[in-house]
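Written below as structure tokens is the structure these notes are about.
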Amino acid sequence: EEHISEAHNTWNYVFFISYLLNKDEDTYNGVESHVFDFYEKKNYDWIPTRTSWKIQADELKIKKKQTPEMKLMTKMEKMVNELSQQQTKLEKDMTTRLEALQQSYATANEKVE
């Protein structure tokens, strides 16, 4: 949150575009030219969304600081999440099959009567 509010404050991007609009295009550096080209095409992919090199670097530092126990816990959490997803899928599949079986049974009973 702090990184977003400081380094990625929305107003910084507004001010940067304003800066580019008021600067002579012939004096743009590489980044300025690149961003201005995107801006002219109404393409805002140059604005980071939910990630940046800083966040990725911080995450890598955290991973490197993890003890073997922490790494094992992370791996176990991942496995538990995967098993939970598989269980949910199996429950849905079994529910669908049970409903089909019940429908088939009800249809068979109607034919008998």
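Everything quoted here is computed from the prediction, not taken from an experiment. Heads up: numbering here begins at 1 and tracks the sequence.
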Value rounded to 0.5 Å, distance of CG in L98 from CD in Q103: 12.0 Å

When rounded to the nearest 0.5 angstrom, what distance separates CG in L90 from OG1 in T95? 10.5 Å

Any salt bridge linking D37 with K41? Criterion: basic side-chain nitrogen under 4.0 Å from a carboxylate oxygen. no

Is the F16 ring parallel, tilted or perpendicular to the W46 ring (thresholds 30°, 60°)? tilted

Quick check: does any side chain N or O of T88 sit under 3.5 Å from a backbone N or O of S84, one acting as donor and the other as acceptor? yes

Report the C-alpha separation of F36 and E32 in whole Å, then their side-chain angles, then the decisive distance to 0.1 Å, and conclude whether the side-chain contact (heavy atoms from CB on, under 4.5 Å) test is met. CA-CA 6 Å; F36 191 73; E32 292 168 340; over 6 Å; no

Between T96 (side chain only) and K92 (backbone N and O only), is there a donor and an acceptor less than 3.5 Å apart? yes

Measure the spacing between CD of Q86 and CG of D93 and express it to the nearest 0.5 Å. 13.0 Å

Determine, using the 4.5 Å side-chain heavy-atom cutoff (strictly less than), whether Y28 and Y19 are members of one ILVMFWY cluster. yes

Verdict with reasoning, L21 to Y39, per side-chain contact (heavy atoms from CB on, under 4.5 Å): CA-CA 10 Å; L21 291 171; Y39 173 77; 3.9 Å; yes

Transitively linked via ILVMFWY side-chain contacts under 4.5 Å: V31 with F38? yes

Scan side-chain atoms only and decide if E91 and Q87 contain a donor-acceptor pair under the 3.5 Å cut-off. yes

